[in-house]
Number of protein chains: 2
Amino acid sequence: MDQIELVRDFNRFYTQRLGVLNDHYLGQGRPLGEARLLFEIGDGADLRELRSRLGLDSGYLSRLLRSLGGDGLVAVGPSPSDGRVRTVTLTAAGRAERAELEARSRDSVAGLLDPLTAEQRERLLEAQAQVRRLMRLATVTIDAGPDDTASARGCLQAYAQELDLRFPEGYDPATLIAPGTLTDGTFLLAREDGRPVGCGLWQGSGPVAEIRHVWVSPDARGLGLGRRLLTALEQDAAAHGITTIRLGTHSALTEAIALYRASGYREIPVDDPSPYNQLVFEKGLVL
Amino acid sequence: MDQIELVRDFNRFYTQRLGVLNDHYLGQGRPLGEARLLFEIGDGADLRELRSRLGLDSGYLSRLLRSLGGDGLVAVGPSPSDGRVRTVTLTAAGRAERAELEARSRDSVAGLLDPLTAEQRERLLEAQAQVRRLMRLATVTIDAGPDDTASARGCLQAYAQELDLRFPEGYDPATLIAPGTLTDGTFLLAREDGRPVGCGLWQGSGPVAEIRHVWVSPDARGLGLGRRLLTALEQDAAAHGITTIRLGTHSALTEAIALYRASGYREIPVDDPSPYNQLVFEKGLVL
DNA sequence: CGGTTTCTCTGACTAGAGTCAGAGGTCATG
DNA sequence: CATGACCTCTGACTCTAGTCAGAGAAACCG
């Protein structure tokens, strides 16, 4: 079996097992759509928000809520801030039912873990975490785009804020590339499910260009996304005729430095106007 | 988050990702039930067999096939061997459609693997295999039962056959415990999705009892099922007042010997009537 | 050979999940 | 205060998935 078949086989296996688990804990009169809604309402939510979060038709949502309301599980009322919007909250009965669903779900998972030894459970969790990290990494998209969209600005701002915290001397946001001024180079934005989770850019017209502002959102760290971004930047630069890439970094950014070294960069003497670039690295690119 | 929540969280993550993958490749007019059927028909199958394999109502299956037949994808005809039974085969168009479904599925998985490096793919596959092994192990049930059911006899026969192959001197099936004669002791049968995948028994009335006939089906090896069976036998014996457990084994069974040593058994001098028991191990039980 | 069992098909239903087109209320704005 | 945008609700549908009861043909068994 090749890799693709192995993954498909695992997917089949896992959906089947999950189906058994889910049928077991949801098999209690309540249709799936309503059960999902009970969870998503949480401590009250606007219908508008629920609709977009669950991707439901407004008529369908209305009907689901009426059904739940008929069983006394939810109460729908006007939003205090906007008279057009309606908010839904769980009643005591609704919270009880949600708690029962939660408990059933927990029980069915507990039943799964029960026959395993403590060490086997650890191994299962670690393997699941590994699968998840790699699948998250695989589904992050990296695309070139303008550096002055809201998402791009958000990433760059987060980057600046983080450096300001991590550098003993702080970080002056004016050091950032001015939005919209990147003409010789490419800005790459990484997204997970549409949400921006990282960025980076390269800049320069000659045979030598510089990589700057490589940043990965805290909740997407440990996936290997920094490396993917770096590789994507190198490939894009090489495709634009760049043969040597440089980058400067601060000695406080130890993980970044390790990544650069592991990616084939070698340190060169510092000759850089920026006070933050305490180390400079260089790598030759081949197309 | 505790272990149960971590597993639930992974399940949510994986179903969501799988949903995206599946919607992508099955999003093409064909309802899920019919698509599944197209796969399961394979190179022709009896309706009776399909029904039991997929757990379908006979009326429902009939209708699904009529719909597929209306699109010219399948042909239903009488079975050559039994006039009551009908067989269904894929037409050329049906094979083409199935191939297209397969290709879409493969493409969507290939798209997932594509951004990963070769090493990351390896790690993903290994982690998936690990998850699968542990989940298989966790869902195997081990229950005490009579040793003369069809399932039990099947396991014991397979055990004898395998020993006959592995022992240079062969194995005499008469050495097996005679079915139905196990009075002092317990026969345990391991099942995966109802299918027997292993067995084992302990026997003896005194404070000392013997574990015999521990066997794991080849397709369930590497899961850790041997250890689960051994532990289950020890616990059952201890619960019946046994304080010392012994077992004899053959020097050709190296994995079994390793398992016994790792499980706290220590070798004792051989004092056993069976010529196959070249080594004897012993372990004290605590309730 | 006749009765019983097995297998398939048909018709009549049900429930869940979701879509679509308005109706009518609420809000922001010129 | 009129207008358009926004939000929710209702009624009328559709499609999928599945259940149930019974009819009719074929096979099996004594």
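- Taking the six-membered ring for Trp and thresholds of 30 and 60 degrees, A:H213 and A:Y159 have ring planes inclined between 30 and 60 degrees apart.
- Between B:R84 atom CZ and C:dC9 atom P the separation is 14 Å, expressed in whole Å.
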Exercise for review: Go through the steps for B:E126 and B:R123 under the test salt bridge (charged side-chain N to carboxylate O under 4.0 Å, His left out), then give the verdict.
Suggested key: CA-CA 5 Å; B:E126 178 43 42; B:R123 289 215 316 262; over 6 Å; no
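- Side-chain N or O atoms of A:R221 include one that pairs as donor or acceptor with a backbone N or O of A:V216 at under 3.5 Å.
- With hydrogens and angles ignored, the 3.5 Å screen pairs a side-chain donor or acceptor of B:T91 with a backbone N or O of B:G72.
- A nucleotide of DNA chain D counts as in contact with chain A when one of its atoms lies under 4.0 Å from a heavy atom; the first and last such, 5' to 3', are D:dC6 to D:dA12.
- Listed pair B:R48 / C:dT6 fails the phosphate criterion, with no side-chain N or O lying under 4.0 Å from OP1 or OP2.
- For the pair B:R51 CZ and C:dC7 P, the computed distance is 7 Å after rounding to whole Å.
- Within 6.0 Å of the CG atom in B:D43, the count of heavy atoms belonging to other residues, nucleotides or ligands does not exceed 12.
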Exercise for review: Could you go through the side chain to side chain donor-acceptor pair (under 3.5 Å) check for A:R17 and B:T139 one step at a time?
Suggested key: CA-CA 9 Å; A:R17 280 299 137 95; B:T139 49; 2.7 Å; yes
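- B:R133 places no side-chain N or O within 3.5 Å of a backbone atom of B:L223 that could act as its donor or acceptor partner.
- The end-to-end axis angle of the helix from C:dC1-D:dG30 to C:dG30-D:dC1, rounded to 10 degrees and based on five pairs per end, is 10°.
- Not a single donor-acceptor pair under 3.5 Å links the side chain of A:D46 to the backbone N or O of A:E49.
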Exercise for review: Summarise how protein sits on nucleotides 12-19 of chain C as a single string, 5' to 3': B when a protein heavy atom is under 4.0 Å from the base, S for sugar-phosphate-only contact, - for no contact.
Suggested key: B---SSBB
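- A distance-only check finds no donor-acceptor pair linking the side chain of B:R98 to the backbone of B:A35 [under 3.5 Å].
- Rounded to an integer number of Å, the gap from B:D82 CG to C:dT6 P is 12 Å.
- The pair B:D2-A:R106 meets the salt-bridge criterion, since a charged nitrogen lies less than 4.0 angstrom from a carboxylate oxygen.
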